[in-house]
Each structure stands twice: as C-alpha cells, then as structure tokens.
Amino acid sequence: METDCLILGIETSCDETSAAGVKDGKQILSNIIHSQIPVHRRFGGVVPEIASRNHIVKINEVVDSALKEADVTFADISAIGVTAGPGLVGALLVGVAFAKAAAYAAKKPLIAVHHIEAHICANYLSSNLCPPFICLVASGGHTHLVYAEDYDKYEIIGRTRDDAAGEAFDKVARAIGLPYPGGVEIEKLAKDGNADAYVFPAAMKNDTDFSFSGLKSAVLNFINSTKMNGEQFSRPNLAASFQKTVAETLVSKAISACMQKNCKKIALAGGVSANGEIRRLMKQAAESKGIEFFVPPTVLCTDNAAMIAERAFFSFIKGKFAGLELNAYPNIEMGAL
Ligand code: KG4
Ligand code: ZN
C-alpha cells in the first residue's frame, strides 16, 4: 500500500493538543503532543471550557512544531486529517476550525477522522498488523470491542453500558487520593499491592458488553464502609485488586470475541492499554490460545495525532474527503464519518 503521501494529523478531542506528520501510512515524521494534564489536575478531571481555551492557545505552536520536526511545509502536505468526533464539543471545534482554515488556505484536501477508529489505527504504526482482527479499545471515554474487518470497516461487538474502563480507573484513583489521570497512578500503586487481597465483582461476565459502574460503586462502598467501621485498608492492595478485576474482565471478553469470530489476531488500543498488567495478561491469554497479540507503544495508546494521520491515510487512498462545512460531532458512531 505504498503511495507518496504525507498526512498532517490534528487531534484536540480532549486534553491533548497534538499534531503529527505521517508518511505513506507508516513512517512517523513527527508527533507533537502538548498535554494539558497539569492544568486540569487541580480540578480532579478535565474541565471542558478550560480544555477548549488551552487548545486555542497551543494549536498554532503545536502544528508549527510538527511541520518543523518533520522538516516540511504546508506545501509538502498531501492532506489534513482532523478528529471530528467523538469528544468534547468545544475542544473538537478548535481542531476542526484550524484544520478547515489550513486546508482552505493551503488548498489541501480535508479528512474527517473518528477518534476511536484512529486509536485502532495506532497499531498499524507500530507493527505489521493487518485486518481482520479483534481490537479492544479502552480509553477514558470509551470501552469498545471491535472487529476490524478492513482498514476502514469496523463492526462493534460490544461496548460499555455505563462507565468506560478509564473512567473507572480515574474515579477509583480519586477516591483513594490519587491525582488525575488516575490510571497510571493506580498502576504505580498496585505494584506494591496484593491483587488477591480484596475481591470485587466483575459484571456481565457472559455478555459481550461491559459495565464498570458496579465495580466502581463496589470499590467506593468498600472504602466508605471500612472507614465508617473505623478500620483500615491497604491502598496498594485495593489498587492491585481493582486493577486485576478490570484487567481480567477486559481480557476474558476480548478473547471470547476472538473465539466467536474465529479470529487469530488481537490488538489493544486507547489510553487504558498503556497499563502494564492489562498488556501482560492479554498477551498471556492470547498466546495460550494461539492468538497473535499486538499493542502500540504507550505514547501511541494515549491521545496523539499520529494515529489521526494514520486513520486519515486510509480515507486518503480511497479519495474520501470532507467539505468545509465539516462540524464537530461529540457523540458520533464509528463508521459514520
Ligand atoms: O485514550 P486516552 O488518552 O483519552 C481518551 O480518548 O479518553 O485515555 C485516557 C484514559 C484515562 O482514563 C487514563 O486514566 C487511562 O486512559 N490510562 C490508564 C493508564 N494510562 C492512561 N489506565 C490504566 N493504566 C494506565 N497505565
Ligand atoms: Zn482517545
């Protein structure tokens, strides 16, 4: 699938302002990520209005740096790919407005990218994975089990009915006094804990859908009742036990989906896939069933624009472009852009 193609990717759907240059759908020339985490941390989570304002402040600088690091100018770009949804509407609008203006001024085609599809495509940047495969996308806003039939064709096999896996990590972390974003903090704390110390319920065991709000409530109830009884609990043990329950749920459903589709390849995507324990358990389970396992490096698991450029590449080679009427779509389904 070699073409002479350079895509500028732009991502502003949540709290990372990112721009990247990706050549021929394979080579990352630059991937600049400006994280707003320090700004949002004191509020315990992302404040949408603050996120939008910070994207506006940073977007020019981030795109400039991405072009400089790739050693190209707008004239060298084949197309501009931008996240059009899902995400925070005000945050998305900053990237979309910037990409439209740049596409118009530089006379370049514009490509609308679905954020979750882009997370899946991060795998193509770090391996020789090709469809079909099963992908578990677990992030702060989404938990989807997807059958990737082709580079631009996806079937959703299961999804969360309530909280996303990352959201559960963030809420449990907050309850035990860890800063935002909680996933990585829980992982660090869990390293000193015993994962079998506490038993929490795993919901919807025999279903392809997920539910994490029951688990989150069970952990919060445990913390409250322990405190009310004047007892102590071990934070590392709690972090490890919670992490293990999430990991086992994600792994067992992803492996079942592979069996159901008779598929021999499984991939991880999204911020939660940065978790070492989830990566380890998924690899172990996949290998025991003769399933090949793929996961991007952590920098390509969390939000970044290289994955946006990568997803845009597959639209580019099919000539699928967006018009300047492109809007931001905060709740758009996969396949709808
Ligand atoms: O994909 P992402 O960067 O943004 C969204 O599209 O949501 O995912 C962010 C989520 C947060 O909930 C964060 O706590 C979680 O991914 N996360 C992790 C880890 N690193 C990030 N969760 C568990 N373990 C990690 N190491
Ligand atoms: Zn994301």
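We count ligands from 1, going down the list as the structure has it; atoms in each ligand are counted the same way. What you see below is based on every heavy atom in this structure, not just the backbone, and it leaves out hydrogens, waters and symmetry mates.
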| Shortest reach to atom 25 (C) of ligand 1 by a heavy atom, considering only Ala247, Ser139, Gly183 | Gly183
| note | Under 4.0 Å between heavy atoms, the region of His142 that gets near ligand 1 turns out to be neither
| Are Lys283 and Glu292 close enough for a salt bridge, meaning some N to O gap below 4.0 Å? | no
| query | In terms of the angle between their ring planes, are Tyr198 and Phe200 parallel, tilted or perpendicular, with boundaries placed at 30° and 60°? | reply | tilted
| said: If the cut-off is 4.0 Å to any non-hydrogen atom of Thr302, which atoms of ligand 1 fall inside it? | reply: 3 (O)
| said: With 2.8 Å as the threshold, which protein atoms of type N, O or S lie near the Zn ion (ligand 2)? Leave waters out. | reply: His115 NE2, His119 NE2, Asp303 OD1
| field | For His119, the ligand 1 atoms whose distance to one of its heavy atoms is below 4.0 Å | value | 1 (O), 6 (O)
| query | Would you find more than 12 non-hydrogen atoms of other residues, nucleotides or ligands less than 6.0 Å from Arg279 atom CZ? | reply | yes
| said: If the cut-off is 4.0 Å to any non-hydrogen atom of Val184, which atoms of ligand 1 fall inside it? | reply: 19 (C), 25 (C), 26 (N)
| Out of Glu187, Gln243, Glu16, whose heavy atom is nearest to atom 26 (N) of ligand 1? | Glu187
| task | Please determine if Glu325 and Lys100 form a salt bridge, counting it only when a charged side-chain N lies under 4.0 Å from a carboxylate O. | result | no
| said: Counting only heavy atoms from other residues, nucleotides and ligands, does the tally under 6.0 Å from CZ of Arg174 exceed 12? | reply: no
| Can you tell me how far OH of Tyr180 sits from CZ of Phe43, rounded to the nearest 0.5 angstrom? | 13.0 Å
| field | Proximity to ligand 1 by part of Asp170, non-hydrogen separation under 4.0 Å | value | side chain
| task | Answer yes or no: does an N/O atom from Gly270 fall short of 3.5 Å to an N/O atom of ligand 1? | result | no
| said: Looking at Lys318 and Asp152, is there a salt bridge between them, counting it only when a charged N and a carboxylate O are closer than 4.0 Å? | reply: yes
| Option among Thr83, Asn31, Asn304, Thr17 that satisfies the side-chain hydrogen bond (donor to acceptor under 3.5 Å, both in side chains) test with Glu11 | Thr83
| request: For Gly166, take its heavy atoms, then give the atoms of ligand 1 lying under 4.0 Å from any of them. | output: 12 (O)
| Geometric cation-pi criterion Lys253 and Phe210, 6.0 Å radius, 45° cone | yes
| field | Residue Gly271 vicinity, atoms of ligand 1 by number, heavy atom under 4.0 Å | value | 1 (O), 2 (P), 8 (O), 16 (O), 17 (N), 18 (C), 19 (C), 20 (N), 21 (C)
| message | Does this structure show an ion pair linking Asp196 with Lys244, if we count only N-O contacts that are shorter than 4.0 Å? | response | yes
| note | Of all protein heavy atoms, the one nearest atom 9 (C) of ligand 1 is Gly140 N, 3.7 Å
| query | Any N or O on Asp303 sitting closer than 3.5 Å to an N or O of ligand 1? | reply | yes
| task | Could you list which atoms of ligand 1 come closer than 4.0 Å to a heavy atom of His115? | result | 6 (O)
| Residues, nucleotides or ligands: over 12 heavy atoms within 6.0 Å of Glu231 CD | yes
| query | Nearest protein heavy-atom contact for atom 24 (N) of ligand 1: which residue, which atom, what distance? | reply | Asn275 ND2, 3.1 Å
| message | If you count every heavy atom of other residues, nucleotides or ligands that lies below 6.0 Å from Asn229 atom CG, does the total exceed 12? | response | yes
| request: Please could you name the atoms of ligand 1 that Ala274 approaches to less than 4.0 Å, counting only its heavy atoms? | output: 20 (N), 26 (N)
| Got a sec: does the OH of Tyr104 have more than 12 other heavy atoms crowding it under 6.0 Å? | no
| query | Is Gly141 in contact with ligand 1, taking contact as a heavy-atom separation below 4.0 Å? | reply | yes
| field | Exceeds 12 heavy-atom contacts within 6.0 angstrom, atom CG of Asp71 | value | no
